[in-house]
Amino acid sequence: MHARTLITLAALWLGACLPEPQNVDFGACEEPPPGEVPATTPTYHRDVRPLLERECVNCHQDGGIGPLSLDGYAEAAMWSEVSLAAVERGDMPPWPPSSCCRELRHTRRLDPDDVEVLRSWIDAGTPIGDEADAPAPPAAPGLSRVDLEVMMPAPYTPTASLGPSDDLRCFLIDWPLDQVTYVTGIDVVPGQRELLHHAVIYSIPDAQAANYQALADADPKPGWSCPGGAPQSADAYVGGWVPGARAQDYPEGLGREVLPGSKLLLSAHYELSAGAAPDQSVLRFKLEDEVTTKVEGLAVFDPLWVTTRDMMIPAGEADVRHSYSYDPSAWFKLGQPIQVHDVALHMHEWGTKATLGIIRSTGEVECLLHIEHWDFDWQGEYFLEQPVELRLGDKLYVDCHFDNSAGNQPDGQQPRDLWWGDDMEMCIGSLLISS
Ligand code: HEC
């Protein structure tokens, strides 16, 4: 038999043994069991207020990004039924990752018992109770310590550049420290809480900063328009921020190196439905001089998607899928395993669902992050509860679905062919790893 035929046959045979990652359904998970009905009638001060303060009030307060306030008895009672309905539908709190994929840190999800507390409180006529019964308020969210604060160089007033109410804008900010430093936590204080919908922070080494500076210089307003949202080199990734996140300290011992002379690149997503106003957001960092585990960014996508029109999403098609698997062995120092600490997926507004996973050398497929209902407005990065080990021979894969039919045009235009090359769409998995 011809050698090539043998290889083809072997590949076919091997292929038949491997589960197709595309066909593993990570979205189908079991419903959690129903919660326990509380033994005593819940009251606002004792039961409901702590729950709302823990899970909702971060976003739902005056000037917050949520459309209504849940901060105070009158507000909580007035919105109680719509709140319960939003929670039961799984819409609130917003948390896109599938619960059957991996345990993630800082998960925003109500326990079934919490849902029963809300329901019983409404059934009992939303009693206010006695303020003296209220438990101590929770610790304020945010960093445990702030070592450095930097600000956008100038106020910027967003204007819709992507569809009717979104603007994606990038800014360069000087990194003021003159020794190697490790970022161990990030927080963002929006200049305009109602406008800033999410932010991603990159560190750009001195040698590349001029390319970005040229983009900023060519634009008369502060920063420059960056509809893709991100520079293509994911190894520059420092961290992301979404409003309402509980705490942004990295897990103990982990840090992201930033070199002296670097610039920070802030990629900001503004959502303009509440009206535009000048924003000058502040970035806060927790820092260390040394860390036990240095994390680096790693991206999973097909390089051809960027350089050609290979990632074509034809006009009018309702379910277009692109996937790619990648052998990360270049990251293995002397064949030693690497650890995955943090995962994220990124698509634009035509994305509908996506998975980042591992194909083990044995052929087994494991989920790292699955988003069943992609929502461009709720992107996040997610620290894994437990790091996951990648061994020599394992592959990473990313799988994205897009809907380019007439009914799913975020900008209300007619469907047209889309691809990555010009930053119209993207499909990228990113990870923070250590070796
Ligand atoms: C991370 C921010 C955030 C958190 C946390 C959050 N919300 Fe929301 N909420 C929003 C935003 C933004 C909207 C507007 C719709 C959208 O963008 O999804 C919204 C919409 C709503 C609405 C009106 C729309 C609807 O779905 O009926 C209700 C009611 C609501 N939230 C209740 C809650 C409750 C109850 C909690 C806590 C259990 C909560 N939210 C937690 C941001 C948040």
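Just so you know, ligand 1 is whichever comes first in the structure, and atom 1 is the first atom listed for that ligand.
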Task: Donor-acceptor pair, side chain of Asp302 and main chain of Tyr324, under 3.5 angstrom - done: no

Task: Short side-chain to backbone donor-acceptor contact, Asp113 and Glu36, under 3.5 Å - done: yes

For [X], atoms of ligand 1 separated by under 4.0 Å from a heavy atom:
| X | value |
| --- | --- |
| Cys59 | 1 (C), 2 (C), 3 (C), 4 (C), 5 (C), 42 (C), 43 (C) |
| Arg108 | 1 (C), 5 (C) |
| Pro94 | 3 (C), 4 (C), 6 (C), 7 (N), 43 (C) |

TODO: Pick whichever of Asp375, Asp114, Leu68, Val82 has a heavy atom sitting closest to atom 22 (C) of ligand 1.
DONE: Leu68

Open item on the list: For atom 19 (C) of ligand 1, tell me which residue out of Glu271, Glu81, Met92, Arg89 has the closest non-hydrogen atom.
Closed with: Met92

Open item on the list: Can you confirm, on distance only, whether ligand 1 has an N/O atom lying under 3.5 Å from any N/O atom belonging to His60?
Closed with: yes

Give the contacting part of [X] toward ligand 1: side chain, backbone, both or neither, where contact means a heavy-atom distance below 4.0 Å.
| X | answer |
| --- | --- |
| Leu52 | neither |
| Ala85 | neither |
| Trp79 | neither |

TODO: Could you tell me whether the SG atom of Cys367 lies less than 2.5 angstrom from the SG atom of Cys100?
DONE: no

- [ ] Could you tell me if the ring centre of Phe376 sits under 6.0 Å from that of His269?
- [x] yes

Task: Under 3.5 Å side-chain donor-acceptor pair for Ser69 and Asp71 - done: no

Task: Audit row: Arg309, Asp417, salt bridge (Lys or Arg N to Asp or Glu O under 4.0 Å) steps and yes/no - done: CA-CA 10 Å; Arg309 293 187 177 179; Asp417 289 350; over 6 Å; no

Open item on the list: Please determine whether any non-hydrogen atom of Leu84 lies less than 4.0 Å from an atom of ligand 1.
Closed with: no

Task: Asn58 touching ligand 1 at heavy-atom level, < 4.0 angstrom - done: no

Open item on the list: Any N/O/S atom, side chain or main chain, of Cys56 closer to atom 8 (Fe) of ligand 1 than 2.8 Å?
Closed with: no

TODO: For the residue pair Tyr382 and Trp95, categorise the inter-ring angle as parallel (less than 30°), tilted (30 to 60°) or perpendicular (more than 60°).
DONE: perpendicular

TODO: May I ask you to check whether over 12 heavy atoms, not counting those of Trp79, lie within 6.0 Å of atom CH2?
DONE: no

